[in-house]
Amino acid sequence: MPPTILLTNVSKHYLMPRGRRVVGLDKVSLSVEAGQFVLVEGPSGSGKTTLLLTVGGMQRPSSGQVTVAGYDLIALSHSKRAKFRAEHLGFVFQMFHLVPYLNVLENICLGAGRKSDAKAQARVLVDRLGLADRWQHKPSRLSVGECQRTALARALIARPEVILADEPTGNLDPENTNRVLEVLASYCDEGGSVLLVTHGQEAYGHVDRRLRLENGRLTELKLEG
Amino acid sequence: MGIRLLLIGLSTERIVFRRTVCKLSLNYLGFCQMTTQIFNTDKALGFAMRTTVLLIWKELLHRKGSFFLAASVLTAAVALCVVVTITEDANQRETRRVTRDIGFNLRIIPRGTDMEEFYLSNYSDQTMPESSLDKLARMKNFSYNHLVASLQKRFLIEGHRVLLMGISGEQAPPGKKKPPMIFSVEPGTLHVGFEAARLLGVKKGDAIALGEKTMRVARAMPEMGTVDDIRVIGLLSDVQEVLGLKGQINEIKAIDCLCMTADKNPQGILQEQLQQTLPEARVVMQSSIAEARARQRQTSEKYAAFVLAAVLLVGAVWIGALAVVNVRQRFGEIGLLRSLGYGSQMIGSLVLGRAVLIGLISALLGYFLGTWLALAWGPEIFPVTAKAIRAMPSLLPWALFVTPLLAAVASLIPAAMAVTQDPAEVLRNQ
């Protein structure tokens, strides 16, 4: 079975003022199988977000090959990449990025793409993530943990092959952190792949692989325990 | 006990509040179900439309300040346009009514008139058949708005010299109904000029003997400071009878006969036309009055057009600026939608759809506000034609078409900003 995420010699350079070049990714190669929960750690500015945006098709690499869920992202047009994201990817961000004027259920449905059973699916996720009594609340009335669970439900609703999570537990207390990680782990058990970028060590107990990104270079670390 | 009553009061208030919220929620859910049923006919299209409409509507309700600012500016612009359009019509009518007192555009007099005498006495010493009026009215290629035939002679009443004048009813072009430009005279009555009334010592209701015919004073005119002050005006047929000139007139006065043209001589054109149809008549054109009237009208029209254009331009710039601010406020949201796979079409339609919706709401509010203002204040500004100031329902479809279009055009740049926004940049700067 082909890997869900396949990066081959991917580099990304940013041109800064006065011609300075900053390396985001430096010949990164990565293969993630279906069902794998992969953690990427590294200091700030090491290229973690660049890696996620590249895998998410929101940023073209300077060189290299990016294949996700069988799609060569570099070959896809702008509109086809948007369609690809809607059908095959889910995003979870540290700042949640919930639409402030939509309630929990509507925010979740936003991630459903064109699926006709969006509302029913959203209600299942609302129950599963402990948001049953909050479904009609707007983000301003939710706790940080509830906001992140809503964002997680939005990523899960389209049943994507891959979830890309950028510091999803960065603002959460230990209880909510554990809850989010458990949901992501169970998603992997059902065959999905997760690329989780984080600073912390809370996820060690849930992930299948640990990678370290430093100065744009990716190295595989040994999983403790 | 007091605290207990207070608590009961508070809980009652809460129940009422919850009931209200429940009712509103049910209404909202009903609306959602209805729109869902409509959109479900074509699922793909339905989804895109439903999501777009939901996002636009909820965003408007969420950012009420921005919505209110944009809608109020556009509403004011539409209202101003409606006021200007309605009152401009009244302004033109008012100008006509006011300028009619200066005189008429054309004086059509018998061909054999001694012009020296005509200018000295201000009327022709010759007469022509009254039927000339009908002939002129039916004349092809002759545009006019009002025609009045008159017969005027010096006349002695009780030893005092006056100008006795008979006027016919006003004739409007066939098939056109024009508001009268002069007063009408009832048979057997007279309108007596200020000086003539003083000399004769008559007032409204008095009788005056004109030769063998006795007539009643219908109105003693106020002082005009013109030749009108020694005029005694009656119905044409009455004056013809008094003067023994049955079926005769010595002038046809006409207004708005030709538009002012810079490169043509309207008097020459009309003279040529009259030669064939009315060989017994000649035309004298009061060109300075005609030109002044036309210029005044053109100036007024130009000014109205300038005001409308300026209002629309300011409204459009304001809407565009507010849309830019709105798009900037929503960078995070737009970046998120792009990361979720929403395409440029959808993102663009969020901005343009918002503008169109604001435009529609503003057009509706602006039309009614403008109409109300015009009807409330217009009669004070234009007292002479106050009754003619009416609502113009034909403006509503125009407002509903032009305002959303203008708002959408003004929002094209912000829409382009939203569409070309790099989601990676937004998400990176979270």
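Sequence lines set the chain letters: A, B, ... in the order given, protein chains first and strands last, and positions in each chain run from 1. On a predicted model such as this, the values are computed, not experimentally measured, just so you know.
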Participant: Does B:L69 CG have over 12 foreign heavy atoms under 6.0 Å away?
Facilitator: yes

Participant: Tell me whether A:R212 at atom CZ has more than 12 heavy atoms from other residues, nucleotides or ligands lying less than 6.0 Å away.
Facilitator: yes

Participant: Could you walk me through whether B:E333 and A:H97 pass the side-chain contact (heavy atoms from CB on, under 4.5 Å) check?
Facilitator: CA-CA 7 Å; B:E333 184 190 322; A:H97 281 298; over 6 Å; no

Participant: Let me confirm one number: the OG-CG distance from B:S339 to A:L164, rounded to the nearest 0.5 Å.
Facilitator: 10.0 Å

Participant: Examine whether an atom of A:P160 lies under 4.5 Å from a heavy atom of chain B, and if so say whether it belongs to the side chain, the backbone or both; otherwise answer neither.
Facilitator: neither

Participant: By a 4.5 Å heavy-atom criterion (distance strictly below it), what part of A:R81 contacts chain B: side chain, backbone, both, or neither?
Facilitator: neither

Participant: Does atom CD of B:Q345 have more than 12 heavy-atom neighbours, drawn from other residues, nucleotides or ligands, at distances under 6.0 Å?
Facilitator: no

Participant: For A:F84, I'd like to know if atom CZ has over 12 heavy atoms of other residues, nucleotides or ligands within 6.0 Å.
Facilitator: yes

Participant: How long is the span from the CG atom in B:L340 to the CD1 atom in A:I157, to the nearest 0.5 Å?
Facilitator: 11.0 Å

Participant: Under a 4.5 Å cut-off applied to non-hydrogen side-chain atoms, are B:Y342 and A:L110 in contact?
Facilitator: yes

Participant: When you look at CD of A:E202, are more than 12 heavy atoms from neighbouring residues, nucleotides or ligands closer to it than 6.0 Å?
Facilitator: yes

Participant: Is there a side-chain contact between B:L336 and A:F93, using heavy atoms and a 4.5 Å cut-off?
Facilitator: yes

Participant: Nearest 0.5 angstrom please: A:Y101 OH to B:R330 CZ, how far?
Facilitator: 4.0 Å

Participant: Provide the closest heavy-atom pair for A:P100 versus B:H62 in the form atom of the first, atom of the second, distance.
Facilitator: CB-NE2, 3.8 Å

Participant: Given the rule in the side-chain contact (heavy atoms from CB on, under 4.5 Å) test, do B:L55 and A:L102 qualify, once you have shown the distances and angles that lead to the verdict?
Facilitator: CA-CA 8 Å; B:L55 286 171; A:L102 298 182; 3.6 Å; yes

Participant: Answer yes or no: is there a donor N or O on one side and an acceptor on the other, between the side chain of A:R85 and the main chain of B:R338, under 3.5 Å?
Facilitator: yes

Participant: Does atom CG of A:N9 have more than 12 heavy-atom neighbours from other groups under 6.0 Å away?
Facilitator: yes

